2 protein chains.
Amino acid sequence: MQDKEITIYDLAERLNVSATTVSRGLQDHPAINKKTKKRIFDLAAELGYRSNKFASNLRKQKTNTIGVIVPRLNSLFMSSVLSGIEKIVNNAGYNLIISQSFEHESKEKTNTTTMFNSRVDGLIVSLASDTEDLSHFDTFIRKNIPIIFFDRVAESIQSTKVLIDNFKAGYKATEHLIQQGCKKILHITGNPSRNVYKDRFEGYKKALNDHHIEFDPALYISNDLTEQAIQDALVNDVLKRDTLPDGLFVTNDSSAAFALTIFKEAGLRIPEDIAIVGFNNDLISKVTEPAITTINYPGNEMGESIARILINHLDGEGDLSFTSTVLLNTELIVRGSSQRKK
Amino acid sequence: MQDKEITIYDLAERLNVSATTVSRGLQDHPAINKKTKKRIFDLAAELGYRSNKFASNLRKQKTNTIGVIVPRLNSLFMSSVLSGIEKIVNNAGYNLIISQSFEHESKEKTNTTTMFNSRVDGLIVSLASDTEDLSHFDTFIRKNIPIIFFDRVAESIQSTKVLIDNFKAGYKATEHLIQQGCKKILHITGNPSRNVYKDRFEGYKKALNDHHIEFDPALYISNDLTEQAIQDALVNDVLKRDTLPDGLFVTNDSSAAFALTIFKEAGLRIPEDIAIVGFNNDLISKVTEPAITTINYPGNEMGESIARILINHLDGEGDLSFTSTVLLNTELIVRGSSQRKK
DNA sequence: AAAATTTATGCAACCGATTGCAATTGTGTA
DNA sequence: TACACAATTGCAATCGGTTGCATAAATTTT
């Protein structure tokens, strides 16, 4: 059929006006007569005109695109965050480019370069687990392209950060276990150079301390939280010890679920022998037997906050305090895996 | 610092050659002298030159971008598919734009429009659960922009489809339950206008038939597979019936997990009273008690197939049979939720 | 009715890379 | 030395919108 793209020049010709007028009309420019605008819009619709973003971006030097780099998309949390971001961003007339680092610094670096070359107007990042060097963000900083970090943030980079109070969440989780009578609480967590893991760990230690339980380094395990890593840590180490822990606080729900499965296979009762608390309130935490006590925090809300802050900044309304930290609330959801007392 | 973008003109000026030569040099054009190329590349690297995609796309009328629209990203399956696609596509020098329809036709429509306006070179789609009208893809078809459907495909649209043999998978799952002694197998599934659900249902019926079990319409439930829907169907209906089913084949693992939880709460034993088979081999199927028998299929491989077919087509190498259907293999993974016999 | 505004529209340059065709330089051959 | 031919390089137009400035037309003010 009509395979030819319609341009503003085509519209201009048919309407006997200039391309300038068409361009302005389509943008609802105040100087253009209402009737002319209507004629333009009508014809545009009729002919199936679509603006050429490349021409427009080239001229305007702005892409109206926001990049997002996350470790993985396969959790309820991430997909909620994304959904929140997308909602706000679309309403504001921006587009999203999403990519996954798959928890690797190298992939994160190439993704960042791609985003840079795509000239995103802003970048939203949650760091890969093993990212140490942050120099790939330098190009953005040098060009003053705003970056917002969320959840796994880069503490040394000056920019807005949106996250939960991981210290407090870690404290709450641990304190809950203590209140259920646990004395030897195992903590399994990720790379401690990531704020989320470090802060939860600090909260864990503080809770122990406040309840006069001495921190035992043997009860602190840090690994990459894959199924394999959890298996190794528990089967080859923890379960072979003379004294077993009586509580477990692990920083994500799928790991908590794996641990629960392993413990049950080893003949331990949950929560009587070992009480378990996870993190994130992922779907998986609800279907295990018993269901897993966890920390809930609203991904959707977080996504919306992130997007609003970024858009306000880009539209030049609120760059007052762009380098601030936003802390969102969390709550402990108590389920069977930890509840020993009514 | 240097906030100014470097263009080929800047390079040309410093090297005392024309922009044409710089452009060709950067593309490794054979007519350009090797020494000249080296000088160009060296200076480009030194000054931090980056190509302006908008100018390039504008001129070339090609974006090197591929759009992906999926229902949701929060499953292991989807995130594997995406990862497979991304790998192939990046190697071929294309970029990805990913968006979620959140299972709604309306969102799918606006996403499609956005993709169209972003002038993607090709589109990869898995349909939302409630999509009936497919007219939003007409613009692509009219302009001859290739669309590949996967998993949830549009049967009425002529284009490549990549999926598993859902009929066979449904047959295998059902037959397995029959072999475990089930006679009254409940089938809970999604919208039957989606091929995946319809075909699995057909497989289910065929297996029943082949084993001389009459199909009972009361044992077929179709809903949107949310947690709420599963809960309603089981608690308010199935569990109130005089005769309970002795088997359940449900077309995704999280629903299987919810069902399993509900049945256990109702005091039923799994698999003795009701044997359960899910679908997808998602993480969740491994951590329930008992673990859930399920159908596994390789998302990564599927993603790679999809991307290869599309890229070959775009690069004009294999458009011979672009409107074909690719079927990938699946396997039944037997776990505790269904295994009654050794 | 002339002057001052306001309202609408157009001209032309520009954004940065690509490419058909022509031009220049260099090498080999008669 | 002259000519054919290959190897390099450049000119200039093009892709489709956007925008500062100028101009023309309509309306208001004096």
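This one's a predicted model, so the numbers in the text were calculated from it and none came from an experiment. By convention in this document, chain letters (A, B, ...) are assigned in the order of the sequence lines, proteins followed by strands, and residues within each chain are numbered from 1.
- What separates CD1 of B:Ile6 from P of C:dA17 is a distance of 10 Å, to the nearest Å.
- For A:Asn64 and D:dG17, the CG to P distance is 16 Å, given to the nearest whole Å.
- Between A:Lys87 and A:Glu304 a salt bridge is recorded (basic side-chain N to carboxylate O distance below 4.0 Å).
- Checked by atom type and distance alone, the side chain of A:Asp151 never pairs as donor or acceptor with a backbone atom of A:Ser126 at under 3.5 Å.
- Here B:Thr21 does not reach the OP1 or OP2 of D:dT8: none of its side-chain N or O atoms lies under 4.0 Å away.
- Distance CD (A:Gln27) to P (D:dG20): 11 Å, rounded to an integer number of Å.
- Counting to the nearest Å, the C1' atom of C:dG16 and the CG atom of A:Asn117 are 15 Å from each other.
- Between A:Arg194 and A:Asp130 there is no salt bridge, since no side-chain nitrogen of the basic residue lies less than 4.0 Å from a carboxylate oxygen of the acidic one.
- What separates NE2 of A:His29 from P of D:dG17 is a distance of 18 Å, to the nearest Å.
- Along DNA chain C, the nucleotide nearest to A:Lys60 and the one nearest to A:Asn16 differ in position, and the one closer to the 5' end is contacted by A:Asn16.
- The B:Ala31 side chain lies nearest to D:dT8 when the options are D:dT8, C:dT18, D:dT19.
- Distance, B:Ile8 CD1 to D:dA12 P: 16 Å, rounded to whole Å.
- Residue order along DNA chain C, read from the 5' end via each residue's closest nucleotide, puts A:Ile32 first among A:Arg119 and A:Ile32.
- As rounded to whole Å, 13 Å separates atom P of D:dG10 from atom CD of B:Glu13.
- No engagement by B:Phe54 is indicated, since no non-hydrogen atom pair under 4.0 Å with the nucleic acid exists.
- If you take OH of A:Tyr9 and C1' of C:dG10, they are 12 Å apart, rounded to a whole angstrom.
- Remark: A:Asp42 pairs with A:Lys38 by the salt bridge (Lys or Arg N to Asp or Glu O under 4.0 Å) rule, at least two apart or across chains.
- For C:dT9, the OP1/OP2 oxygens have no side-chain nitrogen or oxygen of A:Thr20 closer than 4.0 Å.
- Of the residues near DNA chain D, B:Pro30 and B:Gln61, the one whose nearest nucleotide (by heavy atom distance) lies more toward the 5' end is B:Pro30.
- Between B:Phe149 and B:Phe137, the distance separating the two ring centers is shorter than 6.0 angstrom.
- Residue A:Val17 is in sugar-phosphate contact alone, with no base atom involved, counting any heavy-atom pair closer than 4.0 Å across all strands shown.
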